[in-house]
Each structure stands twice: as C-alpha cells, then as structure tokens.
Peer 1: 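I am attaching a structure below and will ask some questions about it afterwards.
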Amino acid sequence: KKGSADMADLEIKKILIEESLRKNQMSQIFDVVKNEKMVFFRSLQQYKNNKFLLGIILDESAYTTITIFFGKVADESKKDIIIKLINELNGIHNVEKFVLNRNDELLVQIPYVSLSQDFNGDVAIDLLRTLYHMLVHNAYDKFEEILGESMYNQI
C-alpha cells in the first residue's frame, strides 16, 4: 500500500531530525506539530527586538522546506519597495529564496531535496543554521531599514 510507505518515510525523516537536534543540543528549543501529511519542527528565536519562527517542514515528498518567518509587511505602502528588495536578494542568492506570502509575512526558505533513504538530519540542521546566518548577516537589516518596528512578529 503506497500510503503507508509514505508515512514510514515521513517517520524516518522525523526520527533523523530528532536525533540531529539532540546531537546538536537543540532539541529543547524545537517543538513538533504534526498531522498525517506533514511534520513541522518549529522554534521561536529572539533576534534584536523581533521574534523569528524557524521551521523544518517535512512531508511525504522528497522536499524538505527549511523556513524562517522573520516579519510582516504591516504597512501596505511599503509593499512595492519590499517586493523590489526581495527580487534583488533572490537575484544574489541562488539557493535561498525570500518570499512575501499571502498573509504579508516575510520568510526565507531553503529546500533540501532527498529521498528518505538518503535523508540526513545533520544536513537539514546545517541548512537551517546557514539560512539563519545569511538572514541576520546579509539581509535582515535591509528589511528593518524599510519597515522599522512595524515588521516585528507579534508571536
């Protein structure tokens, strides 16, 4: 039965992420939200006066999405300039993608593509670290300059 094989793959990936988090002394900062289709490891991290929501989203496909929600565009009049900045950043960064979603949330994502038999939890954690580092060192201030405190997550 195809469905149960997919579930087993999802469970394998979940266990591998949990092991890597433990190994990196990070398990206590992540909680897990799951349903039958996906598993979401999430962590709230304080950065400056803002809160980032870090997430590793596993599903039954070969795609694992590593995401950081880092703000909101609350000021409609700033949307065009933010979209311009996002396009500029996406032109510079090949793998990481900045996104303004339908809820006007700002996020940056990096995909990790791997079949469950080749899945490596350490790689997912390293990608999350890389993404976080890139955001705080290369991009965050540019968003904050435009949006100021109005972008801070009220989580």
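Note that the numbering runs from 1 along the sequence shown for the chain.
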Peer 1: Which atoms form the tightest heavy-atom contact between Glu96 and Leu131, and what is the distance?
Peer 2: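 What the structure gives for the nearest pair is CG-CD1, 3.6 Å.
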
Peer 1: Check whether Asp122 reaches the backbone of Ser20 with its side chain - one donor and one acceptor, N or O, closer than 3.5 Å.
Peer 2: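 Side chain of Asp122 to backbone of Ser20: no pair is present.
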
Peer 1: Share the residues that join Ile92 in a hydrophobic cluster, the rule being Ile, Leu, Val, Met, Phe, Trp or Tyr side chains under 4.5 Å apart at the heavy-atom level.
Peer 2: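 Members besides Ile92: none; it forms no cluster.
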
Peer 1: Can you list the steps and then say if Glu18 with Arg22 is a salt bridge (Lys or Arg N to Asp or Glu O under 4.0 Å)?
Peer 2: CA-CA 6 Å; Glu18 287 169 339; Arg22 265 195 302 279; 5.3 Å; no

Peer 1: Using a 3.5 Å distance criterion without hydrogens, assess whether the side chain of Asn103 forms a donor-acceptor pair with backbone atoms of Glu105.
Peer 2: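 Absent.
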
Peer 1: Got a sec, which residues hit ring pair (Phe, Tyr, Trp, His ring centres under 6.0 Å) with Phe40, two or more places apart in sequence or on another chain?
Peer 2: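 Expected list: none.
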
Peer 1: Return the minimal non-hydrogen interatomic distance between Phe143 and Leu89, and the atom names on each side.
Peer 2: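 Looking at all heavy atoms of both residues, the shortest contact is CE1-CD1, 3.5 Å.
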
Peer 1: Under 3.5 Å, is there a donor-acceptor pair between the side chain of Thr65 and the main chain of Ile57?
Peer 2: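 It does not hold such a pair.
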
Peer 1: Output a table of donor-acceptor pairs, distance under 3.5 Å, between side-chain atoms of residues 107-114 and any protein atom two or more places apart or on a different chain; print 'none' if there are none.
Peer 2:
| residue | atom | partner | partner atom | Å |
| --- | --- | --- | --- | --- |
| Gln109 | NE2 | Thr67 | OG1 | 3.2 |
| Tyr112 | OH | Asn120 | N | 3.0 |
| Ser114 | OG | Asp118 | O | 3.4 |
| Ser114 | OG | Phe119 | N | 3.2 |

Peer 1: Counting only heavy atoms not in Gln117, do more than 12 fall under 6.0 Å of its CD?
Peer 2: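 Check passes, neighbour count above 12.
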
Peer 1: So Met151 and Lys72, do their side chains get closer than 4.5 Å, heavy atoms only?
Peer 2: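 A side-chain contact is absent here, since even the closest heavy-atom pair is not under 4.5 Å.
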
Peer 1: CD1/Ile82 to CD1/Ile146 distance, rounded to the nearest 0.5 angstrom?
Peer 2: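 So the gap between those two atoms works out to 4.0 Å.
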
Peer 1: More than 12 non-hydrogen atoms from neighbouring residues, nucleotides or ligands closer than 6.0 Å to CD1 on Ile81, yes or no?
Peer 2: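 Not buried by this count: 12 neighbours or fewer within 6.0 Å.
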
Peer 1: Parallel, tilted or perpendicular for Tyr140 and Phe70, by the 30°/60° rule?
Peer 2: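 Correct class here is perpendicular.
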
Peer 1: With a cut-off of 6.0 Å (strictly less than), are more than 12 heavy atoms of other residues, nucleotides or ligands near NZ of Lys48?
Peer 2: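 Counting neighbours around NZ of Lys48, more than 12 heavy atoms of other residues, nucleotides or ligands fall under 6.0 Å, so yes.
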
Peer 1: Between the side chains of Glu145 and Lys142, is the shortest nitrogen-to-carboxylate-oxygen separation below 4.0 Å, so that they form an ion pair?
Peer 2: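 So Lys142 does not pair with Glu145 through a salt bridge.
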
Peer 1: Using modelled atom types only, decide if a donor and an acceptor are shared between the side chain of Lys13 and the backbone of Asp59 within a distance under 3.5 Å.
Peer 2: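 Confirmed, Lys13 side chain pairs with Asp59 backbone.
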
Peer 1: Can you name the closest pair of heavy atoms from Asn153 and Phe69 and give their distance?
Peer 2: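 In terms of heavy atoms, the two residues are closest at ND2-O, 3.5 Å.
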
Peer 1: Can you name the closest pair of heavy atoms from Ser116 and Ile12 and give their distance?
Peer 2: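 Distance-wise, the nearest heavy atoms are O-CG2, 4.4 Å.
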
